[in-house]
2 protein chains.
Amino acid sequence: MNFPGAPAMGSSPQPKTRTDRAYLLLRADVISGRLKPGTKLRVEQLRADYDIGATPLREALSRLSADGFVISEGQRGFRVVPMSYNDLQDITRVRILIETEALRDSIESGDDVWESRLVAAYYRLSKLEAQAEPDYEQRERANEVFHSALLAGCGSPLLLRLHHTLYDQHKRYRNISLLTATVPRDVHEEHRAIYDAALARDATKACDATRVHIMRTMEVTLEVFRKAEEKPASATN
Amino acid sequence: MNFPGAPAMGSSPQPKTRTDRAYLLLRADVISGRLKPGTKLRVEQLRADYDIGATPLREALSRLSADGFVISEGQRGFRVVPMSYNDLQDITRVRILIETEALRDSIESGDDVWESRLVAAYYRLSKLEAQAEPDYEQRERANEVFHSALLAGCGSPLLLRLHHTLYDQHKRYRNISLLTATVPRDVHEEHRAIYDAALARDATKACDATRVHIMRTMEVTLEVFRKAEEKPASATN
DNA sequence: CGCCCACAAAACATCGATAATTTTGCTTAT
DNA sequence: ATAAGCAAAATTATCGATGTTTTGTGGGCG
């Protein structure tokens with residue numbers, strides 16, 4: 001009764017194996033903040049929460065530890081990687097390094113397809129950013145698509161992979177700051193600057209704009225984060 | 001991947017957990033070339049070879065797949081990451097990016113301890129490189145220690161971590177080219193240039209020298225690698 | 001003669017249970 | 001009362017066994 005299987009549906013990535021599902025779920029929960037920094041990840045607990053066996057869970061946790069989302073403490077289990085002022089600065093710094101390099105490459109070697117995809121992504125993002133009543137969920141996704149589109153022309157799989165991981169690690173910090181969103185900031189203008197420079201094939205200008213953009217993002221986040229650090233309401237669960 | 005900030009020590013005498021041992025053994029065997037590119041990693045086989053249960057092995061393989069040493073193919077098990085001309089170029093490029101950034105930082109903020117360790121590492125490396133009858137094992141280790149010492153002053157844990165992984169991925173390519181060692185090359189001179197610039201606190205010059213050094217290493221390896229690619233003797237096992 | 005389907009064998013992924021280790025809580029002596 | 005030492009409890013790491021998917025092979029049909 002096992003047919004060769006339904007044709008692949010690209011849009012909804014239903015993970016084929018349980019390890020993959022566990023990986024994606026845990027990753028998403030760490031990034032979204034549902035799993036708080038420093039939380040101990042007891043396998044029994046996770047087993048109940050996700051309805052996945054211990055083995056695939058441990059495998060997923062192993063992968064995540066290599067990615068830097070959780071830490072594997074000797075024989076004392078796993079816990080969510082803590083967040084810190086210094087860590088955010090470190091991630092930001094490396095992200096700038098990786099992203100500007102990839103962007104430069106992308107701009108210099110991107111073809112027509114790259115351009116048109118970039119235009120589309122920017123158009124969509126602009127529309128969402130212009131909304132008076134923002135849907136953060138969609139906006140976040142559009143933001144991610146836009147940044148990916150910028151780099152898509154880059155010829156280095158490694159750079160893209162690193163960027164993906166760093167982007168999500170950074171996102172974790174950004175997510176906690178969204179809650180307390182604060183400082184006035186014209187994000188759209190920053191995006192526009194990058195976009196214009198990219199289309200004009202001015203790599204240096206685009207990289208500068210990207211640097212500014214990422215730095216500003218970090219600064220806003222740092223602000224919120226420092227406050228949150230003073231009164232730690234983290235669940236030690 | 002879990003490693004302390006400590007400089008590379010070849011062998012962790014007794015990894016605390018079996019997963020760790022499996023991880024280190026597999027990693028070493030992939031890097032050394034004992035496990036050939038593309039080889040299918042059958043769990044039963046590994047189980048027999050390393051005398052470690054299936055669970056820790058799978059966890060180790062998961063970590064390695066996140067590190068980029070093996071690939072996890074859907075429901076079709078694991079295999080050693082293939083090697084290719086393009087991959088080497090990609091790794092080299094990113095390694096240069098990461099290593100020069102870390103080096104610049106290190107030079108600008110390294111203290112006395114950093115300096116003295118660097119002197120020691122260079123001294124040892126020089127001695128080994130001057131030997132008429134080279135011990136590649138030791139030389140390789142000294143090389144690693146030297147490069148680590150150069151970067152040790154860098155304030156970014158992330159950069160160091162990335163460097164460590166990239167260095168080892170690069171090493172894998174270098175190892176296969178050692179067998180067919182060929183092109184005349186004054187490695188010591190390249191090291192000296194980096195060393196002198198670093199001690200003189202000339203970051204730009206040191207980065208340039210590093211770039212040259214890494215590029216030369218890649219070129220030598222590419223040479224050998226291209227030949228090997230023509231007559232593929234790889235085990236499809 | 002070749003292609004396709006069905007079946008069998010192998011390998012992978014997963015589960016439940018066991019062994020080993022760490023943490024916790026309690027007792028006792030200073 | 002406090003700190004050290006021991007014992008129980010919780011939790012992790014690991015193993016052996018079981019279900020599923022994939023792969024290889026042979027026979028039937030066009």
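Throughout, a chain's letter reflects where its sequence line sits, starting with A, and its residues are numbered from 1.
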*Asks:* Do NZ/NE/NH1/NH2 and the carboxylate oxygens of Arg63(A) and Asp20(A) come within less than 4.0 Å?
*Replies:*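 Salt bridge between Arg63(A) and Asp20(A), a charged N being under 4.0 Å from a carboxylate O: yes.
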*Asks:* Nearest to the side chain of Arg42(B), heavy atoms from C-beta on, is which of dT14(D), dT14(C), dC12(C)?
*Replies:*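 Closest nucleotide to the Arg42(B) side chain: dC12(C).
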*Asks:* Using atom CG of Leu61(A) as one end and atom P of dT14(C) as the other, report the distance to the nearest whole Å.
*Replies:*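 That distance rounds to 14 Å.
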*Asks:* Please determine whether a side-chain nitrogen or oxygen atom of Arg58(A) lies at a distance below 4.0 Å from atom OP1 or OP2 of dA13(D).
*Replies:*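 Yes, Arg58(A) has a side-chain N/O under 4.0 Å of OP1/OP2 on dA13(D).
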*Asks:* Rounded to the nearest Å, what distance is computed from the CZ atom of residue Arg21(B) to the C1' atom of nucleotide dA13(D)?
*Replies:*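 Atom CZ in Arg21(B) sits about 13 Å away from atom C1' in dA13(D).
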*Asks:* dT14(D) C1' sits how many Å from Arg76(A) CZ, rounded?
*Replies:*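 My rounded result for the distance is 19 Å.
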*Asks:* Check whether NZ of the Lys or CZ of the Arg Arg174(B) lies under 6.0 Å from the centre of the six-membered ring of Tyr167(B) and within 45 degrees of that ring's axis.
*Replies:*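 Checked: cation-pi criterion met.
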*Asks:* For dC12(C) and Lys40(B) - does any side-chain N or O of the residue sit under 4.0 Å from the phosphate oxygens OP1/OP2?
*Replies:*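 Answer is yes, contact under 4.0 Å.
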*Asks:* Whole angstrom is fine here: how far is it from CZ in Phe78(B) over to P in dT22(D)?
*Replies:*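 Rounding to the nearest Å, CZ of Phe78(B) and P of dT22(D) are 15 Å apart.
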*Asks:* Starting from C1' on dC12(C), measure out to CZ on Arg47(B) and report it in whole angstrom.
*Replies:*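 Rounded to the whole Å, the gap is 14 Å.
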*Asks:* I need the CD1-C1' distance between Ile52(A) and dG16(C), as an integer number of Å.
*Replies:*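 In whole Å, dG16(C) C1' lies 17 Å from Ile52(A) CD1.
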*Asks:* Would you say that Glu59(B) contacts Arg18(B) through its side chain, given a criterion of any heavy-atom pair below 4.5 Å between the two side chains?
*Replies:*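 When only atoms from C-beta onward are counted, Arg18(B) and Glu59(B) do not touch, as no gap falls below 4.5 Å.
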*Asks:* Let me know the distance between CD1 of Ile71(A) and P of dT12(D), rounded to the nearest Å.
*Replies:*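 Going from CD1 in Ile71(A) over to P in dT12(D) covers 14 Å.
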*Asks:* NE2/His164(B) to NE2/His147(B) distance, rounded to the nearest 0.5 angstrom?
*Replies:*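 Those atoms lie 13.5 Å apart.
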*Asks:* When the nearest nucleotide of DNA chain C is assigned to Glu73(B) and to Gln75(A) on a heavy-atom basis, which residue is associated with the more 5' position?
*Replies:*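 Final value for this comparison: Glu73(B).
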*Asks:* Give the nucleotide from the list dT23(C), dC12(C), dT14(C) with an atom nearest to the side chain of Val43(B).
*Replies:*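 Comparing dT23(C), dC12(C), dT14(C) against the side chain of Val43(B), the answer is dC12(C).
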*Asks:* With respect to the side chain of Pro56(B), which nucleotide from dT14(D), dT22(C), dA13(C) is positioned closest?
*Replies:*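 When the side chain of Pro56(B) is considered, dT14(D) is the closest of dT14(D), dT22(C), dA13(C).
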*Asks:* Give the rounded distance in Å between these two atoms: CG of Leu41(B) and P of dC12(C).
*Replies:*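 The distance from CG of Leu41(B) to P of dC12(C) comes to 9 Å, rounded to the nearest Å.
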*Asks:* The side chain of Arg18(A) lies closest to which of these nucleotides: dT23(C), dT14(D), dC15(C)?
*Replies:*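 Looking only at side-chain atoms, Arg18(A) lies closest to dC15(C).
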*Asks:* Report the C-alpha separation of Arg34(B) and Asp49(B) in whole Å, then their side-chain angles, then the decisive distance to 0.1 Å, and conclude whether the salt bridge (Lys or Arg N to Asp or Glu O under 4.0 Å) test is met.
*Replies:* CA-CA 12 Å; Arg34(B) 248 178 311 247; Asp49(B) 288 351; over 6 Å; no
*Asks:* Of the nucleotides dA13(D), dA13(C), dT11(D), which one has an atom closest to the side chain of Thr17(B)?
*Replies:*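 Selected nucleotide (nearest to the side chain): dA13(D).
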